[in-house]
Each structure stands twice: as structure tokens, then as C-alpha cells.
Amino acid sequence: MSFQHLSSETDGAISTITIDRPKALNALNADTLNELEQAIDRAAGDDAVRVVILTGAGDKAFVAGADISELATLDPDGAAQVARRGQHLFRKIERLGKPVIAAINGFALGGGCELALSCSLRVASESARLGLPEVKLGVIPGYGGTQRLPRLVGRGVALELITTGEFVKADRALAIGLVNHVVAAEELLPFCRALAEKMVAVGPLAIRAALQSVDEGLDVPLDEGLAREARAFGALFGTADAREGIAAFLEKRAASFRGK
Ligand code: DAK
């Protein structure tokens, strides 16, 4: 499958999707969103792919937002439809069942920041700038930013970023928990691959269950989240992978997980 606005390469168990519209700082137009969904669907359906890395082409931008030229013509119904379309895709990324690492190589603004927020974790290069500048356009984040940012960094910090529209540099993003790590630009993809390799080495069913438990647990009362966690924990004990992982530890050897 070939794409016009992104590339998708799989190396071993790691798939790297690179959004590639550098002339528009990798802004997300409708075609790019469609291609991204196809690439994500492909990664979801390929059991050999265990981790996805999402990044932007060039050294300036991860994704500089929704494509502003496409927003210009929207009426209220059209805008709500666009929001639901993006939200559906970003939710799919969040619920992929495989870790998705955002490798933020530059500007991650508006829809680009929201895309990074839907990933499992975020690694930024030292030159990265993140923000939700939608209010400067007279709108609000429409791809989940008002929901995911406060869940990640807390209400007060999120409201400051959303209501000022100001960008934060990588070191501030790290300090507020918006990104997990900041590394030199040339280290960004190697660092993300090294993180991904750690995730590839462990049990895929356990990863899927952990992602689901955290995702669902954040939005329910603690007791309900604990009950879900216990069910998922119990279910894993019916898998060959759990038997293998525990046996391997006791036998002092490396585990060989088969995702079963
Ligand atoms: N869309 C389209 N083109 C963009 C773009 C964007 N978001 N960002 C940059 N570009 C284009 C520029 O127009 C320019 O194109 P040419 O003039 O060369 O043809 C090229 O990329 C290079 O940009 P600059 O010349 O501006 O580069 P600078 O280094 O001077 O500035 C910048 C870099 C990132 C600070 C600046 O480009 C900038 O402020 N860009 C806009 C950032 C932004 O506001 N992004 C958030 C967009 S709002 C919704 C759903 C979602 C959303 C909204 C509504 N609904 C459901 C309705 C989300 C909205 C957003 O994402």
C-alpha cells in the first residue's frame, strides 16, 4: 500500500509511520487523516507489528495542526463532522492495543498536539514546541485536546495552555508531564526504537491488557477500575504467555512469548 502524505515502514516488530507534508509542516488535511487511518488499521491487523512509532518528516514539525486552509470553509455542522472524524481516528490510535510512541521532532500544535496526546507516550526532541493554539483562530481544540490534556497534565496547567494558546518548549513540556523524555534531535528515533524494543520483548497480551486497563480505568471510579484490573489480571492467567513468562523466570531463562 503506498501513500501520498505519509510513509509506513515496518522493521521487525516496529512499524514507523511518518507524516510527510513538509511544505505544510505536516498539517493534517482530510487526505492525510484518511491515509493515517489506513496505516493504523494495517498496523492493528498485523500481528507481527507490536509497537508503532509516529513521527513527522523533516526537522521542523511533527504536525503543525489541522490544515487551516481546510477549516476556512466549514459551517457548524461540517465542523462538528470534522471533529467527530478526527476524534474517531485518534480514539482508534488510543485503543490500538499496541503501544504507540509519538516521536515529536518539532512543532506539535493543535491537531498535532492532540494526535500526540492520543499516543501511549511522547518523546520530544530538544527543538520541539507543543501547544493548542486553536483559541487564536477563534475555535477550540476539536480532536480531543480539551479532554486528554487535563487528564495528562491536570486541569490548571491544561487550562493555561488551552486559554492562552501559547506554545511550550520541550523542557517545560517535560516538567509538566506532557512528554515523557526530551532527547537530542539525532537521538529521537533511536531512543524511541530502544523504548519500543523493550515493549517488543515482553508479553503482547499483557501489554494489550495493561493499555486497556489504564485507558478504561481513568474514566471510572477507583473501585470499578480495580475490579476491571482484577478481571484482566485473572484472564491473563489463562494464557500460555503468562505460564511461559512465569516458568521462564523460575527456570532463569529468557521468556518466549507467542501472544497466546
Ligand atoms: N495548516 C496549513 N498550513 C500550515 C499550517 C497549518 N496548520 N502550519 C503551517 N503551515 C504552512 C504555512 O502556511 C507555510 O506555507 P507557505 O506559506 O510556505 O505555503 C508553511 O507551512 C511554513 O509555515 P511558516 O512559514 O508559517 O513557518 P514559520 O517557521 O514561520 O512558523 C509555525 C511555524 C508553526 C509557528 C506557523 O506555521 C504556525 O503558527 N502555524 C499554524 C499553527 C497552528 O495554529 N496550528 C494549529 C492549527 S488549529 C476542528 C478540529 C480540529 C481543530 C480545529 C477545528 N474542527 C473539528 C472544526 C484543530 C485545529 C488546529 O489544529
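Residue numbers run from 1 in the order of the sequence given.
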Residues passing the ring-ring contact (aromatic ring centres under 6.0 Å, His included) test with Phe191, sequence neighbours excluded, are His181
Using the side-chain contact (heavy atoms from CB on, under 4.5 Å) criterion, which residues pair with Ala13? Sequence neighbours excluded. Arg50, Val200
Could you list the residues that satisfy ring-ring contact (aromatic ring centres under 6.0 Å, His included) with Tyr143, not counting sequence neighbours? Phe90
With sequence neighbours excluded, what pairs up with Phe249 under the ring-ring contact (aromatic ring centres under 6.0 Å, His included) test? none
Please enumerate all residues that pass side-chain contact (heavy atoms from CB on, under 4.5 Å) together with Ala248, with sequence neighbours excluded. Glu244, Arg253, Ala255
Mind checking what makes salt bridge (Lys or Arg N to Asp or Glu O under 4.0 Å) contact with Asp215, not counting sequence neighbours? Arg91, Arg95
Return each pair, listed once, that meets salt bridge (Lys or Arg N to Asp or Glu O under 4.0 Å) where at least one residue sits in residues 153-172; pairs must be two or more places apart or across chains. Lys136-Glu166
Residues in ring-ring contact (aromatic ring centres under 6.0 Å, His included) contact with His88, at least two apart in sequence or another chain: none
Given side chains that start at C-beta, do those of Leu161 and Leu149 come closer than 4.5 Å, heavy atoms only? yes
Provide the full list of salt bridge (Lys or Arg N to Asp or Glu O under 4.0 Å) pairs with a residue in residues 15-27, sequence neighbours left out, each pair given once. Arg21-Asp67
By salt bridge (Lys or Arg N to Asp or Glu O under 4.0 Å), Asp219 pairs with (sequence neighbours left out) Arg151
Other than Leu218, what residues sit in its cluster of Ile, Leu, Val, Met, Phe, Trp and Tyr side chains whose heavy atoms are under 4.5 Å apart, directly or through others? Val214
Identify, with sequence neighbours excluded, every residue that meets salt bridge (Lys or Arg N to Asp or Glu O under 4.0 Å) alongside Arg148. Glu94
